[in-house]
Amino acid sequence: MKYLVSLLACAASTLALADTGFKNVPPLLHKSIKNGGVTTAQFDAGVLRAQLGKSEVTELVYDTFIFHHICARQWHEPQQFAGLGLARVELLNTAGDQGFAFDARGDVCTEMGKLGKNFRSFIGQYSVACTAGGCPAQR
């Protein structure tokens, strides 16, 4: 019995440490972005800033992340997603000096979810590249 209690305590402390890189991330997005390979994330004033454990964020990785880990949340749980107030998603590399930012305001994800949309070109219309100087304002 003591062994089981010790094992559970160790597992709980390991889980607590594993999530220290996620600050103010709403539960609806937490699991989704973590499964997307995000190592650290912060949600503040409608902006989700996330970093991957990769030296470079390619357009394909970024587009796939937005499609599956951000917009899919809205398609599956629209009421809860609307309550998040998500306006922008910044996905950066490990160093935080390269990546992309997605304008998630309004019904962007809903529009992309309509049949017949080419998601890569659609995401590109709502994205800007980020560099060491930061992520510029959306167009």
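Computed from a predicted model, the values in this text were never measured in an experiment.
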Measure the shortest side-chain to side-chain distance between [X] and [Y] over non-hydrogen atoms and say whether it is less than 4.5 angstrom.
{"X": "S127", "Y": "D103", "result": "no"}
{"X": "F67", "Y": "W75", "result": "yes"}
{"X": "F43", "Y": "K23", "result": "no"}
{"X": "I123", "Y": "F100", "result": "no"}
{"X": "F65", "Y": "V89", "result": "yes"}
{"X": "Y126", "Y": "R105", "result": "no"}
{"X": "Q42", "Y": "V25", "result": "no"}

Working to the nearest 0.5 Å, report the span between [atom1] of [X] and [atom2] of [Y].
{"X": "L60", "Y": "R120", "atom1": "CG", "atom2": "CZ", "value": "5.0 Å"}
{"X": "Q80", "Y": "L29", "atom1": "CD", "atom2": "CG", "value": "11.5 Å"}
{"X": "F119", "Y": "D63", "atom1": "CZ", "atom2": "CG", "value": "6.0 Å"}
{"X": "C109", "Y": "L86", "atom1": "SG", "atom2": "CG", "value": "7.5 Å"}
{"X": "S32", "Y": "H76", "atom1": "OG", "atom2": "NE2", "value": "9.0 Å"}
{"X": "K114", "Y": "F122", "atom1": "NZ", "atom2": "CZ", "value": "9.0 Å"}

Under a 3.5 Å threshold, yes or no: a donor from one side chain and an acceptor from the other, between T131 and Q98?
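Per modelled atom types, T131 and Q98 side chains form no pair under 3.5 Å.
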Which pair of non-hydrogen atoms, one from [X] and one from [Y], has the smallest distance, and what is that distance?
{"X": "P136", "Y": "A129", "answer": "CD-O, 3.2 Å"}
{"X": "A50", "Y": "V38", "answer": "CB-CG1, 3.8 Å"}
{"X": "V57", "Y": "G99", "answer": "CB-CA, 4.2 Å"}
{"X": "A41", "Y": "L48", "answer": "CB-CD1, 4.3 Å"}

Please check if atom CD in E59 has more than 12 non-hydrogen atoms from other residues, nucleotides or ligands closer than 6.0 Å.
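No.
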Could you go through R73 and H69, starting from their C-alpha distance and side-chain angles, then the distance that decides it, and tell me whether this counts as side chain to side chain contact (heavy atoms under 4.5 Å, CB included)?
CA-CA 7 Å; R73 286 290 102 220; H69 301 284; over 6 Å; no
Do you know which of L92, N93, V61 makes side chain to side chain contact (heavy atoms under 4.5 Å, CB included) with L52?
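For L52, the side chain to side chain contact (heavy atoms under 4.5 Å, CB included) test succeeds with only one of L92, N93, V61, which is V61.
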Any link between V47 and Y62 through a network of hydrophobic side chains (Ile, Leu, Val, Met, Phe, Trp, Tyr) touching at under 4.5 Å?
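The answer is no; the residues belong to distinct hydrophobic clusters.
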Side-chain ion pair, R88 and E90, N-O less than 4.0 Å
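The answer is yes: the pair qualifies as a salt bridge.
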Can you list the steps and then say if I66 with C71 is a side chain to side chain contact (heavy atoms under 4.5 Å, CB included)?
CA-CA 6 Å; I66 295 298; C71 288; 4.2 Å; yes
Check step by step if side chain to side chain contact (heavy atoms under 4.5 Å, CB included) holds for T40 and F22.
CA-CA 5 Å; T40 61; F22 286 71; over 6 Å; no
